[in-house]
Q: 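Quick one: the structure is below, questions incoming.
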2 protein chains.
Amino acid sequence: MAKFTHANSCNTCPYKDYALTKLQTNDVDLIQNSCLIVNFKKGENVCKQGTEVTHALYLAKGSVKLYIEGKNKNLILKIITDSKYIGLQSLFGDRIYQYTITTLEDSQICMINANIILNLAKKNVNYLFELTRNISEATNFVYKKIIDINQKQLRGRLADVLLHFSENVFKSDTFELKLTRKELAEYSAMSMENTVRILNEYKKDGIIDIEGKIFTIKQPDILRKVAELG
Amino acid sequence: MAKFTHANSCNTCPYKDYALTKLQTNDVDLIQNSCLIVNFKKGENVCKQGTEVTHALYLAKGSVKLYIEGKNKNLILKIITDSKYIGLQSLFGDRIYQYTITTLEDSQICMINANIILNLAKKNVNYLFELTRNISEATNFVYKKIIDINQKQLRGRLADVLLHFSENVFKSDTFELKLTRKELAEYSAMSMENTVRILNEYKKDGIIDIEGKIFTIKQPDILRKVAELG
DNA sequence: TTATAACATTGATGCATATCAATGTTTTGT
DNA sequence: ACAAAACATTGATATGCATCAATGTTATAA
């Protein structure tokens, strides 16, 4: 199992979340005292669909995939890379994880007792407000995901996904995607074979360049048109 | 356009939301003074995808569909019938509606200035906590919706939808669905023709009974099996 | 360092589902 | 009360996509 250490400097932590700035010093101490910094190796589960929510999860360093496990296939809803809470809405909802979270590389996750966060949230409205904003934006993201799955077909979906990585996640025309083709497929809600096929189509057409896991968007405008037309 | 009246008795309103009980009397008055009770006729838009969020929307009486408008087809995410806030997460997120809401029958909607709700939320943590719980549950519902669309095929999806209406919404084996076949299709993420086809399949098999818009679930166990097997 | 498994690629096949078409039925508005 | 539009139904057709299959390539572990 993963190794862990106790947090000892949340206030000066370089991965600190903005919501923490809304808390009094002694409240940050409460979090710090409860907080375990757990080192996960690549491919380990951080939480598991169907289990009870006992901790708030904060991704300090690394990257994870958040996905729904189905009978035959999985659906990756989000790739989370930055210093971010992961799955906050599970704290306030029915306290059962609706999804599994797995690391895509060695990562550090802060685990804070759920009730401590809930109590702080009940005490400090500015803190709760930040968490709520966070949850709301997560919901809006999922709405966009649904519309993609429902309204576009393969080529459009994959174009969307590539643009999303380039523009929102890595903010660069060239990026290294820490996903296998299968995972990219699960993120785009299509089969792995078709993902490969369409990627190579785009490559042949000079729209993108692929070198293993290094992606280069060569003609973002065309990709944008494909994404738009579906 | 829809007629409206000013609210004058939020505290004693039979459609009052639970979250309101968390507010002081004078704070409820703030809401009451801002609150317009708008009478919408069947088929009118309550809010429109892509527009700015200026008001919190509370469905006092009636029923609405919340749906994403696409190029060719719409996707209904939720049918809301009870005394419920509709689209709370849009208040805390990027303040642009990601969806359109349309009434399914004549309905009364309370419209409260968004900033008044936000200010109260910032002042009263118990109130905000209830709103947050509300948003979280909405998010979890959407997650379930995604998994249905992604993992199951037509028959399973439609079985799921029928069971959901019977068990969660109307809590009865027999119910009147205020949806056209097209809307039922948009809610189940499939074509209208296939919706009709499969409904009649179920009818022929004696699993359900349909009389116009009156649905009767005759063999819920079989329907549950269909929903499970996909 | 070699064996084994996971990953990646490409082509061929089948099927679920949307779309098209034609027709009857019910609402809706005037 | 009538016309027009929206809704509902059923069958035939087309196609987007998953699945299967075969093979090469790259990680991973013993």
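The analysis underlying the following values was restricted to heavy atoms, covering all of them including side chains, and did not include hydrogens, waters or symmetry mates.
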Q: Please report the distance, rounded to the nearest Å, between CG in B:N150 and P in C:dT17.
A: 13 Å

Q: Looking at D:dT9, D:dC17, D:dT10, which one has an atom nearest to any side-chain atom of A:Q153?
A: D:dC17

Q: With sugar-phosphate meaning primed atoms plus P, OP1 and OP2, does B:M190 contact a base, only sugar-phosphate, or nothing at under 4.0 Å between heavy atoms?
A: sugar-phosphate

Q: Could you walk me through whether A:Y187 and A:F165 pass the ring-ring contact (aromatic ring centres under 6.0 Å, His included) check?
A: CA-CA 11 Å; A:Y187 187 65; A:F165 282 125; 5.4 Å; yes

Q: Please determine whether a side-chain nitrogen or oxygen atom of A:K213 lies at a distance below 4.0 Å from atom OP1 or OP2 of C:dA8.
A: yes

Q: Going by side-chain contact (heavy atoms from CB on, under 4.5 Å), name the residues that satisfy it together with B:K78, two or more places apart in sequence or in a different chain.
A: B:L66, B:I80, B:A138, B:F141

Q: Going 5' to 3' through nucleotides 20-30 of chain D, assign each nucleotide B (protein heavy atom under 4.0 Å from a base atom), S (under 4.0 Å only from sugar-phosphate atoms) or - (no protein heavy atom that close).
A: B----------

Q: So what does A:S191 hit on the nucleic acid, given a heavy-atom distance under 4.0 Å: a base, only sugar-phosphate, or nothing?
A: base

Q: Could you give the CD-to-P distance, from A:E183 to C:dA8, as a whole number of Å?
A: 9 Å

Q: Which whole-number value in Å describes the distance from A:I149 CD1 to D:dA18 P?
A: 12 Å

Q: Rounded at 0.5 Å granularity, tell me how far CG in B:N150 sits from NZ in B:K145.
A: 13.5 Å

Q: Are A:N194 and D:dC17 close enough that a side-chain N or O sits under 4.0 Å from OP1 or OP2?
A: no

Q: With respect to A:I109, which candidate in A:N39, A:I37, A:I86 satisfies the side chain to side chain contact (heavy atoms under 4.5 Å, CB included) definition?
A: A:I86

Q: Test: salt bridge (Lys or Arg N to Asp or Glu O under 4.0 Å). Region: residues 206-222 of chain B. Which pairs qualify, not counting sequence neighbours?
A: B:D221-B:R224

Q: Whole-Å distance between C:dT19 C1' and B:M192 CE?
A: 12 Å

Q: In whole angstrom, what separates B:E186's CD from C:dT17's P?
A: 18 Å

Q: Does atom NZ (B:K204) have a neighbourhood of more than 12 heavy atoms from anything else shown, all under 6.0 Å?
A: no

Q: Round to the nearest Å and state the distance from A:K178 atom NZ to C:dC7 atom P.
A: 16 Å

Q: When you measure from the side chain of B:T51 to the backbone of B:K48, do you find a donor-acceptor pair of N or O atoms at a distance under 3.5 Å?
A: yes

Q: Specify the separation, in whole Å, of atom CG of B:L154 and atom P of C:dA16.
A: 10 Å

Q: Rounded to the Å, how far apart are A:L177 CG and C:dC7 P?
A: 14 Å

